[in-house]
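Below: the structure, in structure tokens.
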Protein chains: 2
Amino acid sequence: MRTHTQPDSKQTDAIEALFADRGLRCTNQRRALYAALASHKYHPTAEQLYYQVRGRVQGLSLATVYNTLEALCRCGLARKYSGEAGTARYDACVHNHVHTCCQHTGAVHDVPDELSQRLLDCIPAELLKELESELHFKISHVQVQLIGVHEGHQILGG
Amino acid sequence: MRTHTQPDSKQTDAIEALFADRGLRCTNQRRALYAALASHKYHPTAEQLYYQVRGRVQGLSLATVYNTLEALCRCGLARKYSGEAGTARYDACVHNHVHTCCQHTGAVHDVPDELSQRLLDCIPAELLKELESELHFKISHVQVQLIGVHEGHQILGG
DNA sequence: GTACGTGCAAAATGTTTGCATCATT
DNA sequence: AATGATGCAAACATTTTGCACGTAC
């Protein structure tokens, strides 16, 4: 296989530091996958990431994509979503935001930060505290999805 | 709609009426599946429903379970959720409620109605209206999940 | 040097589909 | 009688796993 090729860049250093901080080994594959994930505006599936990153890191395998995504999720650097469709989607875990999910196409989009924040701010922390103690459930985060259809699409009656 | 709390035949009639109302054919399989789904406290997967209902309706197939669930979802009698795990879960669509989803076990539970309602009521209708017009997205419903761990479970580090 | 990550392919899920038969309307 | 649902099995899609090798620490 390939000897270690390390592109010099501020961002790479930042990623290395991030990984080190979480006790993750920093491999070319992981670095590239995380960089791709973090730069994604939407929410790629494992397969999409695979094809995207494959061009940059040779010999990347889909298994590694899954392994890496799982590692990233486990240490809190990424999040896994399972929208309406059967395929899991991922994003780099920057901060909590709201998603829209189209019932027609299955597409998942972000709600812009400002709006997301306003929506999430509606839920008072005390209520969450109360839920935690009532349900004996430690809440790590609240996930909000707006289910519906993008304008121009109709739900077929049936 | 008049809902008598009465023997099985009454409930069966109610289901038939419900189906007729939506233009769904009422077969034994569908009736049994819907009854099972509606009585479920948790959120069965297709497979769980299959094994549960199989005892009551002879020769039920998994394909029919999927077909039926899809038909129910399409006409608004059921909802499909895709929690953290890779398996879709369903419930009879009574009213909107909040779910907890355990990061450790993947278990999905309902938040009791009163608490769910209080949480959902936090989101003002005007904000949703605003989101709809900003995003060009027709919101059918808001889905809230509390992600975390049930007490007594720890997230394992590595 | 060692523990862990990787690639490959095969296996384990989970879901959908084609077609002949059967039941509901 | 006609339309649509069912069952079966096979196709399909997605994710996980075992193993030999390579690499970061």
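These numbers come from the heavy atoms of this one structure, side chains and all, not from hydrogens, waters or symmetry mates. Per chain, numbering begins at 1; letters A, B, ... match sequence-line order.
Under the 4.5 Å side-chain heavy-atom criterion for Ile, Leu, Val, Met, Phe, Trp and Tyr, B:Tyr90 and B:Val144 are members of distinct hydrophobic clusters.
In this structure, B:Leu60 places its CG atom 15 Å from P of D:dA5, rounding to the nearest Å.
The aromatic rings of A:His150 and A:His109 are tilted relative to each other, their planes meeting at an angle between 30° and 60°. Between B:His43 and B:His97, the ring-plane angle classifies as tilted under the 30° and 60° cut-offs. Aromatic ring pairs are classed by plane angle as parallel below 30°, tilted from 30° to 60° and perpendicular above 60°; the pair A:Tyr34 and A:Phe19 is perpendicular.
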**OP:** Spell out protein contact along nucleotides 18-25 of chain C as letters: B when the base is contacted, S when just the sugar-phosphate is, - when no protein heavy atom is under 4.0 Å; keep the 5' to 3' order.
**Re:** -----BBS
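Looking at heavy-atom distances under 4.0 Å, A:Thr68 makes contact with sugar-phosphate atoms alone, never a base.
Remark on DNA chain D: of its neighbouring residues A:Leu62 and B:Ala71, the 5'-side contact belongs to B:Ala71, judged by nearest-heavy-atom nucleotide.
The side chain of A:Thr64 places an N or O atom within less than 4.0 Å of a non-bridging phosphate oxygen (OP1 or OP2) of C:dG7. OP1 or OP2 of D:dA24 has not a single side-chain nitrogen or oxygen of A:Arg30 nearer than 4.0 Å.
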Which protein N or O atoms sit under 3.5 Å from an N or O of nucleotides 11-14 of chain C?
from   : atom 1 : to      : atom 2 : distance (Å)
C:dG14 : OP1    : B:Thr87 : OG1    : 3.3

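Applying the side-chain hydrogen bond (donor to acceptor under 3.5 Å, both in side chains) criterion to A:Arg56, with sequence neighbours excluded, gives no partner residue.
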